[in-house]
Amino acid sequence: MNPVEGLPSPASRSSNSKILQLGLVFLVLGGLLFFLALRPFGPATTVRFQVRKGLSAREVAKDLYDQGLIRNRWNFLIWVKMMGHPGSIRPGVYELSSRESGYRIWRTFRKGPPLMKVTFPEGWTAKQMAALLDARGITPAADFMAKVDQEKREGFLFPDTYFFEQGLLPDQIISRLVERFKEKVPKDFKERALAMKLSYGQLVTLASIVEREAEVPQERPLIAGVFYNRLRKHMYLESCATIEYSLGVWKPHLTYKDLQVVSPYNTYRHGGLPPGPICNPGAAALDAAAHPAQTDMLFFVADGKGTHRFSKVYKEHLAAQGIRGTKGDARGERK
């Protein structure tokens with residue numbers, strides 16, 4: 001007997017039923033998988049987890065499993081396969097909870113590691129910067145300093161506010177600081193160095209001394225003018241800031257014994273500029289060094305109020321020291 005026209009045959013109905021059953025099975029399995037993926041795993045603990053650059057998704061999954069963050073590798077890998085690709089896992093350092101699911105971990109990796117706000121004040125040394133970077137978990141201080149010394153970057157690490165990921169390589173950080181220096185340095189800096197008969201690096205060194213010597217912004221050009229005049233007259237700079245750099249510590253007061261420190265950076269014992277910058281100057285100090293005040297002053301001394309008294313001749317300078325100077329206090333004899 002032929003099947004009634006317009007109605008499905010028994011074989012067709014059986015086939016459709018099997019498809020429906022398979023669909024329900026996959027739906028249940030999918031729901032179970034989704035439930036397991038979202039279900040927290042293990043006791044609540046926070047783990048500092050690093051995704052190293054160049055790792056495959058499988059390698060990241062293995063590290064997650066080895067550190068007890070996921071119950072099995074596919075709990076994480078399934079989301080990489082379904083929702084993204086290996087490139088969606090961004091390298092860096094993450095703070096992960098063992099109660100997070102594989103799905104949430106994948107979303108965290110896709111978003112990227114948290115950014116750390118870091119501010120380097122004007123006049124900081126590379127060593128001070130390194131200590132802060134290390135404390136924030138961004139990069140080891142020793143590695144940072146090794147790279148700075150190798151590339152001779154002291155003075156070119158522009159002091160500013162930055163946002164860094166944790167776990168960066170030193171050269172990644174240094175390149176950003178140097179790039180910011182190039183953006184902020186006066187446009188005519190190279191030309192001014194030539195006009196002042198200094199090399200580019202020497203002018204940066206002068207700016208670093210101005211940065212450490214000046215206590216109020218308006219005095220930067222005048223202090224730069226004093227040092228430039230002393231350089232032209234082949235006088236020792238006698239900068240207390242270079243003594244502090246030689247000692248490896250900034251001090252509120254220097255003694256005459258401090259002035260005898262053996263160092264090529266000691267401008268009380270060596271003529272001309274020191275071998276390199278003594279700190280990382282900001283934009284204002286760089287501009288002051290490149291555009292020093294036109295002055296005939298050759299001396300200055302701190303007045304104890306945050307500013308300085310400037311003198312043309314040594315006799316006037318000695319009189320100024322009488323106002324501020326204290327026996328054994330070299331800062332009362334700043335030149």
Side-chain angles (χ1 to χ4, degrees), residues 122-123 125 152 154-156 189 192-216 219-282 284-303 307-318 320-321 324-325 329-335:
E122 296 174 343
T125 63
K152 301 185 185 303
E154 183 81 273
F156 298 87
F189 199 79
R192 289 299 304 153
L194 290 172
M196 298 168 70
K197 297 182 179 179
L198 298 173
S199 69
Y200 192 97
Q202 286 176 322
L203 192 51
V204 174
T205 297
L206 178 58
S208 72
I209 297 174
V210 171
E211 184 68 82
R212 290 302 311 179
E213 289 281 358
E215 297 183 41
V216 292
E219 286 190 352
R220 287 193 183 105
L222 188 53
I223 289 175
V226 169
F227 284 130
Y228 183 54
N229 288 344
R230 294 178 72 89
L231 285 172
R232 287 192 305 168
K233 293 179 177 292
H234 304 288
M235 299 171 67
Y236 282 14
L237 294 185
E238 297 186 355
S239 163
C240 291
T242 64
I243 299 296
E244 293 170 322
Y245 186 79
S246 301
L247 294 170
V249 61
W250 305 120
K251 300 176 66 175
H253 301 285
L254 293 176
T255 66
Y256 287 108
K257 183 180 179 180
D258 291 332
L259 303 185
Q260 304 305 313
V261 61
V262 178
S263 169
Y265 286 85
N266 184 345
T267 55
Y268 277 81
R269 300 185 60 171
H270 300 281
L273 288 162
I278 62 171
C279 72
N280 294 280
L286 289 166
D287 186 70
H291 307 94
Q294 299 297 313
T295 179
D296 53 2
M297 299 295 177
L298 290 171
F299 307 90
F300 62 90
V301 58
D303 62 5
T307 54
H308 296 85
R309 293 181 180 274
F310 295 83
S311 307
K312 298 179 184 179
V313 296
Y314 189 58
K315 184 177 180 180
E316 294 174 353
H317 180 56
L318 290 177
Q321 286 183 52
R324 167 68 177 88
D329 178 6
R331 281 196 179 274
E333 293 188 308
R334 273 194 170 176
K335 307 286 196 299

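Reckoned from all heavy atoms, side chains included, excluding hydrogens, waters and symmetry mates.
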Search all heavy atoms of Ala193 against all heavy atoms of Ser199 and return the closest pair with its distance. CB-O, 3.9 Å
We want to know whether Ser239 and Glu213 form a side-chain donor-acceptor pair, criterion being a heavy-atom distance below 3.5 angstrom. yes
For a 4.5 angstrom cut-off between non-hydrogen side-chain atoms, does Pro275 reach Pro264? yes
Can you measure from OH (Tyr265) to CG (Leu273) and round to the nearest 0.5 angstrom? 11.5 Å
NE2-OG distance between His270 and Ser246, expressed to the nearest 0.5 angstrom: 8.0 Å
If you look at every heavy atom in Asn229 and Thr295, which pair is closest and at what distance? ND2-O, 2.8 Å
Is the charged tip of Arg230 near the ring of Phe299: under 6.0 Å from the six-membered ring centre and within 45° of its axis? yes
Where do Pro281 and Cys279 come nearest, in terms of heavy atoms and distance? CD-O, 3.3 Å
Using the rule side chain to side chain contact (heavy atoms under 4.5 Å, CB included), only one of Val204, Ile209, Leu206 pairs with Pro277; which is it? Val204
In Å and rounded to the nearest 0.5 Å, what is the CG to CG distance from Leu247 to Asp258? 5.0 Å
Would Val301 and His308 count as a side chain to side chain contact (heavy atoms under 4.5 Å, CB included) here? Give the steps. CA-CA 5 Å; Val301 58; His308 296 85; 5.9 Å; no
From the options Leu259, Val261, Leu254, select the one residue that forms a side chain to side chain contact (heavy atoms under 4.5 Å, CB included) with Tyr268. Leu259
Any donor-acceptor pair under 3.5 Å linking the side-chain atoms of Arg269 with those of Asn266? no
CG (Leu298) and CZ (Phe310) are apart, to the nearest 0.5 Å, by 12.0 Å
Sequence neighbours excluded, the answer for salt bridge (charged side-chain N to carboxylate O under 4.0 Å, His left out) partners of Glu154 is none
Could you check whether any side-chain heavy atom of Arg232 comes within less than 4.5 Å of a side-chain heavy atom of Met196, counting everything from C-beta outward? no
Taking all non-hydrogen atoms of both residues, which atom of Tyr228 and which atom of Ala195 are closest, and how far apart? OH-O, 4.4 Å
Non-hydrogen side-chain atoms of Thr242 and Leu237 separated by less than 4.5 Å: no
From Met297 atom CE to Ser311 atom OG, the distance as rounded to the nearest 0.5 Å: 7.0 Å
State, to 0.1 Å, how close Ile223 and Ala214 come at their nearest heavy-atom pair, and which atoms those are. CD1-CA, 3.6 Å
Restricting to non-hydrogen atoms, name the atom on Gly272 and the atom on Thr267 that form the minimum distance, rounded to 0.1 Å. O-CG2, 4.1 Å
Are any side-chain N or O atoms of His291 and backbone N or O atoms of Arg192, one a donor and one an acceptor, separated by less than 3.5 Å? no
Spacing of CD belonging to Gln294 relative to CG belonging to Leu222, to within rounding of 0.5 Å: 11.5 Å
Quick one: do Arg220 and Glu122 make a salt bridge, cutoff under 4.0 Å? yes
Main-chain N/O of Asn280 paired with Glu211 side-chain donor or acceptor, under 3.5 Å: no
